[in-house]
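For the numbers below, each heavy atom of this structure counts, side chains included, while hydrogens, waters and symmetry mates do not. Residue indices begin at 1 and follow the sequence shown.
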Amino acid sequence: IIDFSWFYFIGKTKLNLSFKETGRLTLTMFNKLYGHYKSNWDLEMRLTKANMTYAEAFIKSQKDEEWF
C-alpha cells in the first residue's frame, strides 16, 4: 500500500510545491527532486558543522583537486 500523504507532505514542506503541483509530478520526477533536496541538505549541514561558507568550501575543493 502506497501512502500518498507522505508524497504530499514532502512536496509541500520540503520542496515548497502546492498540493496540485505535487500531485502532477511523476514518481520518477518526485524521487529526483527529493534526492536533490537531500543532497543539498546534507551539504548545508556539513558546512554548518564545519562553520564554513560556500565560498570557503569551493576554495577547499579546488585545493584538494590540485594535487591530482
Side-chain angles (χ1 to χ4, degrees):
I1 298 175
I2 298 174
D3 183 10
F4 286 100
S5 65
W6 181 83
F7 291 102
Y8 284 106
F9 170 77
I10 296 297
K12 186 71 174 165
T13 60
K14 304 297 182 189
L15 301 177
N16 202 25
L17 299 171
S18 69
F19 288 124
K20 190 174 188 176
E21 291 169 327
T22 302
R24 291 185 175 188
L25 289 176
T26 63
L27 188 56
T28 302
M29 181 56 74
F30 177 86
N31 286 330
K32 285 180 181 181
L33 290 173
Y34 189 53
H36 291 304
Y37 166 79
K38 291 190 299 184
S39 297
N40 187 53
W41 190 86
D42 289 343
L43 172 64
E44 289 178 353
M45 286 298 106
R46 276 193 234 138
L47 291 175
T48 301
K49 292 280 185 185
N51 199 21
M52 295 176 69
T53 64
Y54 282 103
E56 293 169 340
F58 178 74
I59 291 168
K60 185 175 185 277
S61 71
Q62 295 301 311
K63 287 181 182 177
D64 290 344
E65 289 180 6
E66 284 179 2
W67 68 275
F68 276 122

Task: Fellow cluster residues of Phe58, listed by chain then number, with links counted only when side-chain atoms sit under 4.5 Å apart - done: none
Task: side-chain hydrogen bond (donor to acceptor under 3.5 Å, both in side chains): pairs with one or both residues in residues 48-58, sequence neighbours excluded - done: Glu44-Tyr54
Task: Set of salt bridge (Lys or Arg N to Asp or Glu O under 4.0 Å) partners for Lys12, sequence neighbours left out - done: none
Open item on the list: Taking atom CG as the centre, does Asn16 end up with more than 12 heavy-atom neighbours from other residues, nucleotides or ligands that are less than 6.0 angstrom away?
Closed with: no
Open item on the list: I'd like to know if Leu43 and Tyr34 are part of one continuous hydrophobic network [Ile/Leu/Val/Met/Phe/Trp/Tyr, side-chain heavy atoms within less than 4.5 Å].
Closed with: no
- [ ] Tell me whether Met52 is reachable from Ile59 by hopping between hydrophobic residues (I, L, V, M, F, W, Y) whose side-chain heavy atoms are closer than 4.5 Å.
- [x] no
Open item on the list: So, using ring pair (Phe, Tyr, Trp, His ring centres under 6.0 Å) as the criterion, who are the partners of Phe30 when residues are at least two apart?
Closed with: Trp6, Phe7
Enumerate donor-acceptor pairs with a distance under 3.5 Å from any side-chain N or O in residues 21-28 to protein atoms, sequence neighbours excluded.
residue: Glu21; atom: OE1; partner: Ser18; partner atom: N; Å: 2.9
residue: Glu21; atom: OE1; partner: Ser18; partner atom: OG; Å: 3.4
residue: Thr22; atom: OG1; partner: Ser18; partner atom: O; Å: 2.9
residue: Thr26; atom: OG1; partner: Met29; partner atom: N; Å: 3.1

Task: Separation between NE2 of His36 and CG of Asn31, rounded to the nearest 0.5 Å - done: 11.0 Å
Task: Set of side-chain hydrogen bond (donor to acceptor under 3.5 Å, both in side chains) partners for Thr13, sequence neighbours left out - done: none
